[in-house]
Amino acid sequence: MVGRESASRPLHTVRTDDAVRILQPESHRKGAAVVASTLDLLPGHAPARLVVLVSGSGTNLQALLDASRDPAYGARVVAVGADRDAIQGLARAEGAGVPTFVHRVKDHPDRRAWDLAIRDTVAGYEPDLVVSAGFMKLLGPDFLAAFPGRVVNTHPALLPSFPGMHAARDALAYGVKVTGCTLFAVTEGVDDGPVIAQSAVPVEADDDENSLHERIKVAERALLVDYVGRMARGGWTIDAERKVTVK
Ligand code: GRF
């Protein structure tokens, strides 16, 4: 929001068990508990603080870095984390003067220890939103419980079609004529969180996996920048039916 006066305001608090139930698909919800609440999420800071997680080339990160040069965007990248060293995504962050951190799974005794370590590092940056942008690890329950409704991911397909690591390849193999990208709130499942926004991309007759994925990534960057900015400026809600409204 342009001209917001307060430098910070309290984060809305939500009960983690409510948040977990809201974010999960019906089929994954335990028990018959009725979820009556809505996650009503606002950034606690102006501009909103983004922590971005990457594993590779970081073009989505770069799009956020570029957008946040405009103060009117309403968000800035305060840290970039990775699960591996020596990737272009980290170099992009360093080039922009943004602090970086790396937690490799193999440097921790087990996956839970890794999850706790990355949670604690991210929490230290007090993010309003954690953006998984080409981060090739599943974040665990300890991480997600620390930021309920505040972890988003971008996926190169129109979910629920083609979840997983090879979305463009799977879309081509199926023979769909239209695919696209999805921004969603991360849950413990694989690419099954509440959908925030989607954008369609046509499949061309001569596409291979790379050409299709690159065309999707153009749409993905635009969608990510658009919706992260809107969330940062106005907040968002996730209701009991997992419907996301970006204000
Ligand atoms: C994106 O298509 C993302 O959805 C997928 O990996 C790609 C990352 O691209 N998981 P980049 O690292 O942001 O360039």
Side-chain angles (χ1 to χ4, degrees), residues 50-69 75-77 79-96 98 100-105 118 129-140 143-144 151-174 176 178-204 207-229 231 244:
L50 310 178
V51 172
V52 183
L53 302 177
V54 296
S55 295
S57 62
T59 63
N60 282 285
L61 163 66
Q62 188 67 56
L64 290 171
L65 290 169
D66 293 346
S68 62
R69 279 205 223 105
R76 69 190 176 100
V77 181
V80 172
D83 62 331
R84 60 198 75 186
D85 294 308
I87 54 171
Q88 206 184 344
L90 289 172
R92 291 178 190 275
E94 285 154 14
V98 173
T100 62
F101 60 90
V102 175
H103 283 295
R104 301 185 305 178
V105 172
I118 194 165
L129 199 56
V130 180
V131 182
S132 172
F135 187 62
M136 305 307 272
K137 291 281 184 301
L138 288 179
L139 294 161
F143 186 100
L144 296 174
V151 184
V152 301
N153 190 10
T154 173
H155 181 74
L158 293 174
L159 292 171
S161 293
F162 312 120
M165 304 275 279
H166 304 291
R169 183 194 304 175
D170 294 345
L172 270 182
Y174 195 93
V176 294
V178 175
T179 182
C181 53
T182 303
L183 182 68
F184 65 98
V186 178
T187 58
E188 287 176 41
V190 177
D191 300 331
D192 68 359
V195 171
I196 299 167
Q198 294 184 302
S199 181
V201 173
V203 179
E204 305 294 350
D207 264 334
D208 59 18
E209 181 182 358
N210 185 57
S211 65
L212 178 58
H213 193 187
E214 287 305 315
R215 188 160 353 93
I216 292 169
K217 283 177 65 171
V218 173
E220 217 177 349
R221 291 189 285 268
L223 192 74
L224 182 69
V225 165
D226 184 9
Y227 274 84
V228 165
M231 293 163 87
V244 180

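In listed order, ligands and their atoms are each counted from 1. FYI, the numbering just counts along the sequence from 1.
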* Close approach of Thr154 to ligand 1, heavy atoms, under 4.0 angstrom -> yes
* Using atom types as modelled and distance alone, determine if a side-chain donor or acceptor of Glu209 lies under 3.5 Å from a backbone N or O of Leu172. => no
* Asked: So, Gln88 and Ser57: side-chain donor and acceptor under 3.5 Å apart, yes or no?
  -> no
* Asked: Looking at atom 9 (O) of ligand 1, what's its closest protein heavy atom, distance included?
  -> Lys217 NZ, 3.1 Å
* Is there a donor-acceptor pair closer than 3.5 Å between any side-chain N or O of Asp191 and the backbone N or O of Gly164? -> yes
* Structure fact -> of all protein heavy atoms, closest to atom 8 (C) of ligand 1 is Gly134 CA, 3.7 Å
* For atom 3 (C) of ligand 1, the protein heavy atom that lies nearest, with its residue and separation -> Glu220 OE2, 3.3 Å
* May I ask you to identify the nearest protein heavy atom to atom 12 (O) of ligand 1, giving residue, atom name and distance to one decimal place in Å? => Gly58 N, 2.8 Å
* Would you mind reporting whether Val80 and Phe101 have side-chain heavy atoms less than 4.5 Å apart? => no
* Asked: Can a non-hydrogen atom of Gln88 be found less than 4.0 Å from any atom of ligand 1?
  -> no
* Of all the atoms in ligand 1, which lie at a distance below 4.0 Å from a heavy atom belonging to Pro156? -> 2 (O), 4 (O)
* Structure fact -> Interatomic distance, CZ@Arg221 vs CG@Leu64, rounded to 0.5 Å, equals 11.0 Å
* Against heavy atoms of Asn60, which atoms of ligand 1 measure under 4.0 Å? -> 1 (C), 9 (O), 11 (P), 13 (O)
* At a 4.0 Å cut-off, with the gap strictly under it, does some heavy atom of Gly89 reach an atom of ligand 1? -> no
* Under 4.0 Å from a heavy atom of His213: give me the atoms of ligand 1 that qualify, with their elements. => 1 (C), 2 (O), 7 (C)
* salt_bridge(Asp83, Arg104) N-O dist < 4.0 Å -> no
* Structure fact -> dist Phe143:CZ -> Leu138:CG (nearest 0.5 Å) comes out at 12.5 Å
* Evaluate the side chain to side chain donor-acceptor pair (under 3.5 Å) criterion for residues Thr154 and Asn60: first the C-alpha distance (whole Å), next the side-chain angles of each, then the deciding distance (0.1 Å), finally the verdict. => CA-CA 9 Å; Thr154 173; Asn60 282 285; 4.8 Å; no
* Could you tell me which atoms of ligand 1, counted from 1 in the order shown, lie closer than 4.0 angstrom to a heavy atom of Ser57? => 11 (P), 12 (O), 14 (O)
